[in-house]
Amino acid sequence: MIYNYCTDAKRFPQGLPRECLAANNRVTGQKMAVPASKKPLLLSFLWFGLFVAAASAGSFYESFDITWGDGRADIYETGQLLTCTLDKVSGSGFQSKKEYLYGKIDMKLKLVAGNSAGTVTAYYLSSKGATWDEIDFEFLGNVTGQPYTIHTNVFTGGKGDREMQFRLWFDPTADFHTYTVHWNPLNIIFLVDGIPIRVFKNNEKNGVAYPTSQPMKIYSSLWEADDWATQGGRVKTDWSNAPFRAHYRNFDDKNSCSRTSNLTWVTCDGNKNSWMWTTLNNHQIGQMNWVQKEFLIYNYCTDYKRFPQGFAKECYL
């Protein structure tokens, strides 16, 4: 094919015909789930479309827009450091310029130090609309000397309730640590400094919804939630410690498929040996088992009181 009216943004500057947008938005997760061991192919043959293998931008100026906070979030060191600030008036936040449909997204964070009770540093991917998909890291502050809680969740079609919470095996306020969302057609892996702490598998064949078709932006923010964030809301924010600050470095999205415009037609390399088909190996399974044995403090799949009628279907798989 040498011409397709559905990709001619110059000819249709006000937007492509409706049938083009409908076709562009149909991304079939079932095709993506073809076993990689049998089909070492490019996703271009699967018409993954709309997305391109992204290169790490290397600068927060190039990769993100500060979206709220009235100056409380800012970028420093020629684009290499981003800081979000929270005071009694407002928190702050930012979002990615790109949308992603699958990717291995790394970010180094240094969390609020000292008495961070009542504060939440959120770092997540999310789509738009009433039936949105979302993949969450949230870091719940605590009083000085008490550990942070990592809150994770997965939303599909606007429904979440898949929380798992962890402590950490280090002080996340003393230095930067890498937090990774590795999302591909097979599973969503949450990692801390390269160590997997949780996996949410694609079990669509068993009737469990999985995010396969809605592109997501990256969002992060620092905000106050002392009605629930620390010890169930029993410990409130001490504003005498404000302003609170969270710091970000080394954003890396080179292993991802992304777009900056919904008019873009591009392809994504889905070679069987790439991040696109990664699952945990035996060593990583052992690492995750260690984390969940030593540091897991809440699992929706074991909360009988909250779910007296039975757990979510994936809990039994």
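In what follows, every heavy atom counts, from backbone to side chain, and hydrogens, waters and symmetry copies are set aside.
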is_close_aromatic(F190, F137), centroid dist under 6.0 Å: yes
Ignoring hydrogens and angles, write down the donor-acceptor pairs under 3.5 Å from the side chains of residues 225-232, residues two or more places apart or on other chains.
| unit_1 | atom_1 | unit_2 | atom_2 | d |
| --- | --- | --- | --- | --- |
| D226 | OD2 | T237 | N | 3.3 |
| T230 | OG1 | G118 | N | 2.8 |
| T230 | OG1 | G141 | O | 2.8 |

Pair F166 + F295: ring centers closer than 6.0 Å: no
Pairs meeting criterion salt bridge (charged side-chain N to carboxylate O under 4.0 Å, His left out) with involvement of residues 149-178, two or more places apart: D161-R306, R162-E314, E163-R306
For D74, all residues meeting side-chain hydrogen bond (donor to acceptor under 3.5 Å, both in side chains), sequence neighbours excluded: none
Hphob cluster co-occupancy, Y179 + Y219, side-chain heavy atoms under 4.5 angstrom: no
Residue list, salt bridge (charged side-chain N to carboxylate O under 4.0 Å, His left out) with E294, at least two apart or on another chain: none
Remaining members of hydrophobic cluster (4.5 Å side-chain criterion), V199: I189, L191, L280, I285, M288
Heavy-atom closest contact (S90 atom, W68 atom, distance): OG-CZ3, 3.8 Å
Aromatic ring pairing F60/F251, orientation class (parallel under 30°, perpendicular over 60°, tilted between): tilted
Lys/Arg-Asp/Glu bridge criterion (N-O < 4.0 Å) met for R259, E99: yes
Residue list, side-chain contact (heavy atoms from CB on, under 4.5 Å) with T121, at least two apart or on another chain: L109, L111, V112, F139, L222, A246, Y248
Residues E62 and K97 bridged, charged N to O under 4.0 Å: no
